[in-house]
Amino acid sequence: MKIISIQNNLGVPKYKQIILSVEKAIEEEKLKKGDRLPSVNKVCLTSSLSRDTVLQAYDELKKRGIVYAIPGKGYYIKSVEITIKQRIFLLFDELNIFKEDTYNSFVKNIGKNAQVDIFFHYFNEQVFKKLINDNNGNYTKYIIMPTNIINVAEFIKTLPVNEVFILDQTNIELESYPAIYQNHKKDIFDGLCKGKSRLNKYKKLIMIFPGFREPPGMKEGFLDFCNDYSFNYEVITEFADREISIGEVYIIPNDRDLVRVIEKSKLQNLLLGSDFGIISYNETPLKKVVANGITTISTNFEAMGKIMAQMILQGKKEQIENKCALIIRNSL
């Protein structure tokens, strides 16, 4: 039974004709799960094709999850779900409500013909490296949140260069890859500038910056703002049992610290938005109602997922800075 059919002067690349032949054979149930595909050598001989052409087609089917390879034996049908045109490897740093919004938006906009597998590295270099190595060659696209992991570019460059996209954070070593990213330094500087008229009534700005998971640009933008506009400031690594002084404004990237500051203010009977202020990083629905409203500096995480999906579907290779905004509420 002939599976692969190749025609000259058809206007369709021959490797794609191989893929279409396999898809048609699956549709007609000539190929079922577990069946062996014609060997690379056999297809080369019977269809007068180069080995590279056949391997390109079989590798594409492998990335889509339709076939799998057994070294020394050949290629076999793994799945008959031929409607899946893209298999996407999505590597996030951690699971939180912001990243959930990005993920949901991406899945919604990428469409039903894509399979999205999500993984998490949790800022661990070894986990990051292992996930990259284990999944290299198994997907049509790789979307990576690199955060500030050391040597991240060395790991990413092992992936197929034309199939990699960077999400959320980027750096100079990754500037050759298409990306949807936050400019944390610019975002926090611009956000504080927009809130300057309210900040002027306070005596001191304090950023809680542990520095482990937080992008360095946050701190850099904060320091630039304070120095440019002559604000008294302090950067601390943790809030712990610190006493809040009247006239302080806390800039808080981490929501755990946000809770600690609010709890401490209640123990001290301080009035948020009057005795002291808070600016939190990253918008969530709860911040609209907690303590009568928390002011935030935040990118649009849903837009980030949508734009990434559109970039992949449209075959674009761009670096796009995701928009950020200051949302003023009663905490400032």
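By convention here, the first residue in the shown sequence is residue 1.
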Show your reasoning for whether salt bridge (Lys or Arg N to Asp or Glu O under 4.0 Å) applies to E214 and K219. CA-CA 9 Å; E214 296 76 17; K219 181 180 176 181; over 6 Å; no
Indicate, with yes or no, if I246 and F231 share a hydrophobic cluster defined by side-chain heavy-atom contacts under 4.5 Å among Ile, Leu, Val, Met, Phe, Trp and Tyr. no
To the nearest 0.5 Å, atom NE2 of H121 lies from atom CG of N124 at 9.5 Å
Between N113 and T83: side-chain donor-acceptor atoms closer than 3.5 Å: no
Give a yes or no answer on whether the side chain of N322 reaches the backbone of N300 with a donor-acceptor pair at less than 3.5 Å. yes
Please name the pair of heavy atoms, one in N136 and one in T158, separated by the smallest distance, quoted to 0.1 Å. ND2-O, 2.9 Å
Could you check whether any side-chain heavy atom of E94 comes within less than 4.5 Å of a side-chain heavy atom of M145, counting everything from C-beta outward? no
With D255, which residues qualify under salt bridge (Lys or Arg N to Asp or Glu O under 4.0 Å), at least two apart? K287
If two hydrophobic side chains count as joined below 4.5 Å and joins carry through other members, does L267 share a cluster with L271? no
Show, in sequence, the C-alpha distance, side-chain angles and deciding distance for V127 and K130, and conclude whether the side chain to side chain contact (heavy atoms under 4.5 Å, CB included) test is met. CA-CA 5 Å; V127 172; K130 186 176 188 304; 5.8 Å; no
Electrostatic pair D224-K185, nearest N-O below 4.0 angstrom: yes
By the salt bridge (Lys or Arg N to Asp or Glu O under 4.0 Å) test, which pairs, at least two apart or in different chains, include something from residues 272-284? E283-R329
Could you list the residues that satisfy ring-ring contact (aromatic ring centres under 6.0 Å, His included) with Y281, not counting sequence neighbours? none
Heavy-atom pair of closest approach, residues L326 and G195: CD2-N, 3.5 Å
Taking only distance into account, with no hydrogens and no angle test, what donor-acceptor pairs under 3.5 Å do side-chain atoms of residues 302-315 form with protein atoms, sequence neighbours excluded?
residue	atom	partner	partner atom	Å
Q314	OE1	K316	NZ	3.0

When you measure from the side chain of E234 to the backbone of M207, do you find a donor-acceptor pair of N or O atoms at a distance under 3.5 Å? no
Within the distance-only criterion (no hydrogens, no angle test), does the side chain of Y142 pair as donor or acceptor with the backbone N or O of G137 below 3.5 angstrom? yes
Is the closest side-chain heavy-atom distance between V261 and I208 below 4.5 Å? yes
Restricting to non-hydrogen atoms, name the atom on I4 and the atom on K2 that form the minimum distance, rounded to 0.1 Å. O-CE, 2.9 Å
State, to 0.1 Å, how close Q86 and T140 come at their nearest heavy-atom pair, and which atoms those are. OE1-OG1, 2.6 Å
Who are the salt bridge (Lys or Arg N to Asp or Glu O under 4.0 Å) partners of D241, not counting sequence neighbours? none
Between S50 and T53, do the side chains contain an N or O donor and an N or O acceptor separated by less than 3.5 Å? yes
Counting C-beta onward and ignoring hydrogens, is there a side-chain heavy-atom pair between Y233 and F222 closer than 4.5 Å? yes
Parallel, tilted or perpendicular, as decided by the 30° and 60° cut-offs, for the rings of F92 and Y103: perpendicular
Does D59 come within less than 4.0 Å of K62, counting only side-chain N to carboxylate O? no
C324 vs I297, side chain to side chain contact (heavy atoms under 4.5 Å, CB included): CA-CA, chis, key distance, verdict: CA-CA 7 Å; C324 185; I297 295 174; 3.7 Å; yes
Qualifying ring pair (Phe, Tyr, Trp, His ring centres under 6.0 Å) pairs with a residue from residues 298-322, counting only residues at least two apart or across chains: F98-F301
According to the ring pair (Phe, Tyr, Trp, His ring centres under 6.0 Å) rule, which pairs have a member within residues 194-216, sequence neighbours left out? none
Taking salt bridge (Lys or Arg N to Asp or Glu O under 4.0 Å) as the definition, give me every residue that meets it alongside E23, ordered by chain and number, with sequence neighbours left out. R64, K85
Going through the distances and angles, do F89 and I144 end up as a side chain to side chain contact (heavy atoms under 4.5 Å, CB included)? CA-CA 8 Å; F89 173 82; I144 313 292; 3.8 Å; yes
Stepwise salt bridge (Lys or Arg N to Asp or Glu O under 4.0 Å) check, E243 with K264: CA-CA 8 Å; E243 291 288 317; K264 186 66 175 180; 3.1 Å; yes
Using the side-chain hydrogen bond (donor to acceptor under 3.5 Å, both in side chains) criterion, which residues pair with N227? Sequence neighbours excluded. none
State yes or no: do I143 and I84 share one hydrophobic cluster built from I, L, V, M, F, W and Y residues joined by side-chain heavy-atom distances below 4.5 Å, directly or via other members? no
Any luck finding a side-chain donor-acceptor pair between Y250 and R242 under 3.5 Å? yes
Got a donor-acceptor contact below 3.5 angstrom from the T296 side chain to the N282 backbone? no
The criterion is side-chain hydrogen bond (donor to acceptor under 3.5 Å, both in side chains); which residues satisfy it with E28, sequence neighbours excluded? K30
Atom pair CD1/CZ of I150 and F128 - distance to nearest 0.5 Å: 12.5 Å
Where the side chain of S5 meets the backbone of S21, is there a donor-acceptor pair that is under 3.5 Å apart? no
N151 versus E125: any side-chain heavy-atom pair under 4.5 Å? yes
Heavy-atom closest pair, residues Y75 and A69: CE2-CB, 3.7 Å
Euclidean distance, K201 NZ relative to K203 NZ, rounded to 0.5 Å: 13.5 Å
Gap separating the CD1 atom of I252 from the CG atom of L258, nearest 0.5 angstrom: 5.0 Å
4.5 Å side-chain heavy-atom contact, N41 and V43: no
Are I66 and Y76 joined in one hydrophobic group, where the rule is that I, L, V, M, F, W and Y side chains link up if heavy atoms are under 4.5 Å apart? no
Give every donor-acceptor pair under 3.5 Å between a side-chain atom in residues 167-179 and any protein atom, sequence neighbours left out.
residue	atom	partner	partner atom	Å
D168	OD1	Q182	NE2	2.5
N171	OD1	E173	N	3.0
N171	OD1	L174	N	3.2

Does the side chain to side chain contact (heavy atoms under 4.5 Å, CB included) test come out yes or no for Y139 and D117, once each step is laid out? CA-CA 9 Å; Y139 291 86; D117 295 339; 2.7 Å; yes
Side-chain donor-acceptor contact under 3.5 Å, N200 with Y229: no
Answer whether the closest heavy-atom distance between the side chains of K63 and R87 falls below 4.5 Å. no
Identify the heavy atoms of V40 and R51 that sit nearest to each other, and give their distance. CG1-NH1, 3.6 Å
Answer whether the closest heavy-atom distance between the side chains of Y58 and P38 falls below 4.5 Å. yes
Honestly curious: do L199 and I294 fall in one hydrophobic cluster under the side-chain, below-4.5 Å linking rule? no
K14 versus N8: any side-chain heavy-atom pair under 4.5 Å? yes
Selection residues 31-44 - residue pairs positive for salt bridge (Lys or Arg N to Asp or Glu O under 4.0 Å), sequence neighbours left out: none
